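Computed from a prediction, not measured in an experiment: that's the story for all the values here.
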Amino acid sequence: GKGFLLGILVSLLVGWAADLAASDPDSPVKTFHERHQAGVRIGLWANAGETPPHTDSAGSYETSFKSAAFYFEGFFAFRLARYAMLELSAGVVNRGSVTFREAGGTNVGNVLVHPILLQLKVYPLAGGLSRPQPYFLAGGGLYYGRRSVQFTTSSQVSYFGLAEQSGTNFNYVVGAGLDWPLSRTIGLEAGAKYMPIEFSKGLQTIRSYDGVAIVVGIKYLYASHEEGRK
């Protein structure tokens, strides 16, 4: 059937890519699994948690939280072995704006969430020479959230007790993706990871800030000490 023919075609393409990499003495795949990584990722944060009420009964504040937002992340990954890396990443997402109103003026701010994570990345196909290299990751770390005021029309507005506020949560992260080395020093990446976030005291009246980050990235690949001594 069509599925069987598609399977054969995919197998032929994968085999062709592996043969091409093997025949190229300068193939970036040969050194990809010997190098550390440093780079940036950008993408979409999809909300998987709660959404605060648009306003309260008194109309003292107003929120504008979207189901999706821009996500940015920087990272460094240390090569542990051919099949594994240990990655430290720090990201930021703006979950939405908050406006406080009172007779004395108006205050506008944002709720930002910062994931600071330590993750183990495993490459199951590291033994082969195909250029696309899938990976799985798992780890955990600190999620820091802050609601701050960026603009105010009066220094005397009390915010009704809902002004600047912060919260922290230690939790896990899981994900998967695909690395694609372009050269010995440059690579591309696409991936997604799930980040459960639960602030015990709540932030802008809600506790769950769970999200899924869907990202693309560019990375610099540089030699480890072991490769440099070869």
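- The minimum heavy-atom distance between Phe65 and Pro52, with the atom names listed, is CD2-CD, 3.5 Å.
- Side chain of His114 to main chain of Val92: no donor-acceptor pair is present (N/O by atom type, distance under 3.5 Å, no hydrogens or angles).
- Scored by the side chain to side chain contact (heavy atoms under 4.5 Å, CB included) test, Leu44 finds Ala68 as partners (sequence neighbours excluded).
- Ser208 meets the side chain to side chain donor-acceptor pair (under 3.5 Å) test with Asp210; sequence neighbours excluded.
- The side chain to side chain contact (heavy atoms under 4.5 Å, CB included) search around Val122 returns Leu120, not counting sequence neighbours.
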Worked check of salt bridge (Lys or Arg N to Asp or Glu O under 4.0 Å) between Arg41 and Glu87:
CA-CA 13 Å; Arg41 302 183 183 108; Glu87 178 183 295; 2.8 Å; yes
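- Smallest separation of non-hydrogen atoms from Gly140 and Val173: N-CG1, 3.8 Å.
- Applying the side chain to side chain donor-acceptor pair (under 3.5 Å) criterion to Arg95, with sequence neighbours excluded, gives Asn47.
- Distance check: Glu189 CD to Ile218 CD1 gives 11.0 Å after rounding to the nearest 0.5 Å.
- For the side chain to side chain donor-acceptor pair (under 3.5 Å) test, no residue two or more places apart in sequence or in another chain qualifies with Tyr144.
- When all heavy atoms are compared, the tightest approach of Ala213 to Met195 is CB-CE, 3.6 Å.
- Under the rule for a side chain to side chain contact (heavy atoms under 4.5 Å, CB included), the partners of Leu88 that lie at least two apart in sequence or sit in another chain are Leu118.
- Contact check for Pro53 versus Thr205: side-chain heavy atoms found under the 4.5 Å cut-off.
- Here the side chains of His33 and Gln133 are in contact, with some heavy-atom distance below 4.5 Å.
- Of the possible polar contacts, one joining the Arg79 side chain to the Arg35 backbone as a donor-acceptor pair under 3.5 Å is found.
- If you chain together ILVMFWY residues whose side-chain heavy atoms come under 4.5 Å of each other, Val174 ends up grouped with Tyr172, Tyr194, Val212, Ile214.
- Screening residues 198-221 for ring-ring contact (aromatic ring centres under 6.0 Å, His included), with sequence neighbours left out, gives Phe199-Tyr209, Tyr220-Tyr222.
- The main-chain N or O of Ala223 is never found under 3.5 Å from a side-chain atom of Arg184 such that the two would form a donor-acceptor pair.
- For Tyr135, the ring pair (Phe, Tyr, Trp, His ring centres under 6.0 Å) partners at least two apart in sequence or on another chain are Tyr123.
- The side chain to side chain donor-acceptor pair (under 3.5 Å) check on Arg82 picks up nothing, with sequence neighbours excluded.
- Through direct or relayed side-chain contacts under 4.5 Å between Ile, Leu, Val, Met, Phe, Trp and Tyr, Phe136 connects to no other residue.
- Gln119 and Lys193 are linked by a side-chain donor-acceptor pair at a separation below 3.5 angstrom, with hydrogens and angles left out of the test.
- Here Tyr71 pairs with Trp45 under the ring pair (Phe, Tyr, Trp, His ring centres under 6.0 Å) rule; sequence neighbours left out.
- Between the Glu198 side chain and the Asn169 main chain, no donor and acceptor come within less than 3.5 Å of each other.
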